[in-house]
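Structure first, commentary second.
Excluded from the calculations below are hydrogen atoms, water molecules and symmetry mates; all remaining heavy atoms, backbone and side chain alike, are included. Throughout, a chain's letter reflects where its sequence line sits, starting with A, and its residues are numbered from 1.
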Amino acid sequence: MPEGNKIDLSGDGGVLKEILEEGKGTETPHTGCTVSLHYTGRLVDGTEFDSSVGRNEPFEFPLGKGNVIKAFDMGVATMKIGERCFLTCAPNYAYGAAGSPPAIPPDATLIFELEMLGWKGEDLSPNQDGSIDRTILEASDKKRTPSDGAFVKAHISGAFEGRVFEDRDVEFDYGEGKAIGIIEGVEIALEKMNIGETSRIKIQAKYAFGAEGNEEFKIPPNSTVEYTVKLVDCGKGLEEWKLSDEERLAEAKVYKEKGTNYFKKENWALAIKMYTKCKNLLPNTADTNEEVKKVKVATHSNIALCHQKSNDHFEAKQECNEVLALDQNNVKALYRRGQCNLTINELDDALEDFQKVIQLEPGNKAAANQVIICKQKLKESKDKEKKLYANMFTKLAANDKETEPPRETDVLSKCGEWSEEDAKREAELTLERDNIIMI
Amino acid sequence: MQGQEQEMEVDVDVAQATEASNLLQLIKQLLVEKAYDGVRMLFQSAQEAERNIRLLAHIAMDLYHDVCFVNISDEVNSQEPELFDCSDELLKLLARFAPLQELMLELMERLEESRSLNVFGAYLRALQVVLQRQGRDKPQAVEWCLQSAFTRLRELPLPKYLSEGYDEQQARLIEQNEQVEDLLAHYITVGLFRQPLCSEILLKDVRAPDQIFRDCSQNRRNIFACFLIQLLGRPLALLEMSHVKEDLTRTYVQQVTDSLSKDASQFLGDPFLLLNLVEQRARWLRKLDASKGVYEMSCRNVFLIEEKLPLHAVAMYYHSLFVGNQLPANAPRIYAPLFLFETSAYLAEVLLRQQEPPLQYCGLRLVEHLLGILIEPVPATSLQLDVHKRFCEALCKIVGYSPQVALRQLGLHVLRQYILGFDDQGKYLILKNLLETLQHDGLMGYLGGMYKDLVDKALSKSEPIPEVYSGKMFREMLLLCVCVLPHDVKSDLLLHSDRLCHALNILRYFAVRDKADVTGFWQALPDITRILLDPLGKALNFSMAHYKAYKERVERGQSASDDELMQRQLNMLAVNITNSGMAGGDGDSHLPDIGRQEKLDVLASSITSLETLQSLYLRASEIIEQSSRLRRNATSSDA
């Protein structure tokens with residue numbers, strides 16, 4: 001091979017590439033892409049030590065993440081689609097002084113023949129349905145990524161059909177991005193980004209602006225958007241497993257406070273998220289520790305209120321049940337559950353709840369009012385039912401007055417003794433009397 | 001014309017149905033008469049077979065319900081084995097013609113309910129036929145069928161000690177246990193069941209030539225791969241402690257494991273494929289969200305779903321590949337050893353976290369193996385991955401507190417190799433973090449000693465000493481992590497004696513070894529004296545006086561007020577006993593009251609320990625003093 005045709009990829013002659021067949025286009029795969037290719041690896045004496053062709057399956061790997069030997073990452077990153085090339089790798093870019101016995105001897109130079117088949121972006125969506133797709137533009141050798149509760153500093157730039165609609169620096173606690181208008185797709189992607197990394201993230205509507213779109217940004221409903229995100233820095237998340245009971249309680253209170261702040265800002269979804277985090281952080285000592293119990297009761301109660309505010313009355317009722325399981329005479333929970341029952345038309349249960357509130361707090365005017373509303377609604381509903389049944393009976397009675405065919409035989413007296421003829425006659429008779437309800 | 005044809009077809013159908021019904025009656029009659037060969041003749045003789053097999057489609061489910069379901073039972077098998085065999089053969093035959101879904105549902109139920117290998121085997125054979133007929137359609141149904149077989153395996157009774165751990169001697173005899181034997185027989189039966197299916201899948205379910213990327217969705221090939229790997233998890237994994245390194249015996253456990261991992265590798269194509277997904281699985285939990293349709297099972301990549309592919313089973317698959325030496329000869333050789341090590345750390349951590357010692361044992365051996373194939377030290381940057389911290393913690397828990405001696409020994413060896421696998425910066429960070437966070441006194445002493453050895457090695461090299469073994473970082477390690485008296489003068493010296501002995505030895509060593517103060521030891525000495533040596537001297541005097549006085553009181557019979565302390569000492573002793581594997585029991589529970597002589601014995605042993613510590617203390621102080629004098633002299637002569 002003449003040295004002149006070889007491209008020095010590492011700058012020190014450690015990784016040399018010789019193109020055997022030019023690829024199509026100009027694009028090469030980005031770091032993080034899943035690359036599919038065929039390769040055959042040989043020692044300098046021509047001994048084949050590894051080949052995807054022999055396995056009859058292309059080889060796939062995420063590019064630039066250190067999953068494969070350095071030379072391979074380096075070489076593949078420069079290949080265009082359809083390209084074929086030789087890659088000559090010095091030992092320090094392959095298996096070094098140790099080699100990889102028995103196939104690769106110590107200090108071996110390796111020659112790979114590669115054929116690029118294709119690549120695809122990294123799917124970060126929870127369902128792996130392509131709804132969040134990442135392409136790393138600038139990789140980072142750092143390995144820390146944001147975890148729940150960690151402080152995150154990033155720069156985000158969102159574009160729709162080539163038009164940039166937002167471009168800003170953001171700082172937030174991971175998990176609370178929504179509070180500062182960060183869409184879920186960006187937050188999910190950030191969790192898998194290393195400090196210093198810049199990535200392009202293609203986000204489908206369900207993790208972006210959904211079926212509503214965004215008026216301010218002029219994004220129509222069900223639109224896919226593209227963000228460029230740089231993770232500047234992130235702190236360490238909360239290490240729950242390491243906390244003592246006292247620390248758990250203290251940390252839970254911090255989240256309760258956060259929840260209350262979001263509640264005040266009427267951000268119900270985040271408030272629920274924070275309260276739920278608080279609930280999960282609390283130690284399992286509610287039976288013995290009065291303070292833990294108090295916080296737990298308050299948290300469930302607040303979650304119930306948030307659900308109520310966001311019109312999820314069934315969920316709110318569940319939370320009230322949780323509170324009442326801890327404290328059966330909790331007036332707030334009884335009152336809230338009453339409200340939920342009232343909304344979902346469980347009127348008897350609602351009345352029972354409000355009456356219990358009055359029993360516990362005889363002077364509770366709000367509950368008294370609700371009792372009146374309940375009774376009124378119950379009355380209305382009963383009247384409605386009455387009317388409905390009355391109508392039904394009137395109609396039935398009217399029908400009954402119509403000519404009723406004379407009964408020919410006493411069916412019961414001959415039960416089990418029907419001849420085929422009788423049965424046929426009876427069936428015809430039944431068909432004639434269409435208002436008979438068969439039981 | 002058409003009408004006539006239809007009529008004729010109906011006539012033929014009716015005639016066939018009558019014929020089929022007669023056949024069913026005939027089979028039943030022959031079985032009543034115990035003419036089993038007669039039944040066989042119906043489907044084997046040249047004249048009869050063709051017609052009768054054709055009729056089977058009409059009566060398959062009736063035959064199943066009236067004959068197979070009734071006769072494939074343990075009772076029939078023990079009383080009339082010939083009837084059982086005949087029904088078994090009929091079942092396999094009718095499985096070729098019965099309505100697929102209906103029979104599949106029946107077989108699934110029967111498999112789960114089966115109470116013996118014979119019944120399980122009979123239904124599994126029929127299932128094999130059904131699955132061959134099913135082909136690539138409805139992979140979900142195939143998955144449910146395979147799960148039924150696995151459910152049965154999981155529910156087989158096993159000796160309790162498998163989950164509690166066993167030693168090498170027990171391990172050698174493990175396959176002699178009846179329940180284990182039965183489990184392995186079930187696994188082998190599943191092996192026979194899957195063989196033709198596996199061959200067919202490998203032949204037919206291949207990637208189309210224009211398909212660039214692997215299909216990770218729910219298809220037959222992937223479902224089978226998951227099933228095979230799942231089989232490598234519990235309960236089979238519980239037997240893995242019996243695998244003895246370099247032992248020439250090829251146990252049944254090994255054979256079953258090897259064959260499963262071999263098949264799984266064939267299905268995966270690239271056996272390392274799952275390693276690419278391990279980080280995704282172990283590091284970032286999928287956030288389920290019903291409003292967005294994200295459920296446990298909704299992921300389009302089956303290899304990411306815990307229920308289909310439990311991580312502990314994935315870890316056992318790689319244990320088999322690496323430790324069991326089952327990597328296929330054509331496996332890719334281009335993966336970076338560091339990548340293999342880091343991803344295996346995730347898997348090892350999963351295994352160490354499990355309750356059962358056999359799984360923990362496999363986790364340790366997996367890491368041990370991968371440390372062996374590293375070609376260069378692991379860079380300290382790798383420690384930014386949270387998994388290292390979790391791994392270390394799980395490992396130290398085993399080393400310090402596992403009731404299994406073998407596990408503690410292997411654990412300590414792995415911990416040492418693991419730390420030594422990193423570059424200098426990495427070694428320092430791990431040691432410092434562990435010394436700052438661990439509670440186990442003996443282990444802390446050991447790690448302190450390890451740091452000393454590392455510094456010693458660096459000192460003996462001609463190159464300049466790395467910054468982690470000298471100056472500020474050396475001083476920090478010594479003052480914050482090694483030379484620590486947890487509660488100053490009031491520290492319980494007996495409780496911390498291991499660590500203190502190590503600390504004193506380390507001081508003694510540096511005083512002798514580093515007279516030139518390359519490490520900065522002598523600069524740190526005044527602080528070490530202030531925080532460790534001075535308070536330790538006082539504490540030693542106090543403790544010695546206290547125990548001696550106590551001993552006197554016991555001798556005079558006036559010790560009631562000290563009994564609480566005594567109880568604490570005994571509890572500590574009990575913890576040590578539990579840890580040594582000599583006796584079971586809870587170290588925290590109170591020991592029964594002991595007599596005067598026993599009290600005196602315990603006190604004598606405590607005093608001996610204190611005396612040992614004191615002599616070490618005196619020796620260390622003396623050597624420091626000597627070396628210090630030598631250094632002063634050298635400095636003055638230089639001047």
Contacting region of [X] [heavy-atom separation from chain A under 4.5 Å]:
| X | answer |
| --- | --- |
| B:Q280 | side chain |
| B:R214 | both |
| B:R286 | side chain |

Can you tell if the side chain of B:K292 reaches within under 4.5 Å of the side chain of A:Y207, non-hydrogen atoms only?
-> yes
Region of [X] that comes under 4.5 Å of a non-hydrogen atom in chain B:
| X | value |
| --- | --- |
| A:D50 | side chain |
| A:A94 | backbone |
| A:K120 | both |
| A:F112 | side chain |
| A:S125 | neither |
| A:T145 | both |
| A:P62 | side chain |
| A:F72 | side chain |

May I ask you to say whether A:R84 pairs ionically with A:E113, meaning some side-chain N is under 4.0 Å from a carboxylate O?
-> yes
Residue pair A:N56 / B:R207, side-chain donor-acceptor N/O under 3.5 Å | no
Can you find a side-chain donor-acceptor pair between B:E143 and B:Q140 that sits under 3.5 Å?
-> yes
Ignoring hydrogens and geometry, is there a side-chain-to-backbone donor-acceptor pair from A:R55 to B:G269 under 3.5 Å?
-> no
Ignoring hydrogens and geometry, is there a side-chain-to-backbone donor-acceptor pair from B:R220 to B:I201 under 3.5 Å?
-> no
Give the member of A:A98, A:G66, A:G41 that has the highest number of heavy-atom pairs under 4.5 Å with chain B.
-> A:G66
Of the listed residues (A:E191, A:K206, A:K142), which shares the most heavy-atom pairs with chain B below a 4.5 Å separation?
-> A:E191
How about A:K143: does its NZ atom have over 12 heavy atoms from other parts shown lying under 6.0 Å from it?
-> yes
Please lay out, stage by stage, how B:Y335 and B:D270 fare under the test side chain to side chain donor-acceptor pair (under 3.5 Å).
-> CA-CA 11 Å; B:Y335 281 100; B:D270 172 3; 2.6 Å; yes
Tell me, with the steps shown, if B:I305 and B:M297 meet side-chain contact (heavy atoms from CB on, under 4.5 Å).
-> CA-CA 6 Å; B:I305 302 174; B:M297 305 295 267; 3.7 Å; yes
Out of B:E342, B:R283, B:K287, which one racks up the most heavy-atom pairs below 4.5 Å with chain A?
-> B:R283
Partner chain A: residue of B:A329, B:S217, B:S298, B:P328 with the largest heavy-atom pair count (under 4.5 Å) | B:S298
To the nearest 0.5 Å, tell me how far B:L371 CG sits from B:Q417 CD.
-> 7.0 Å
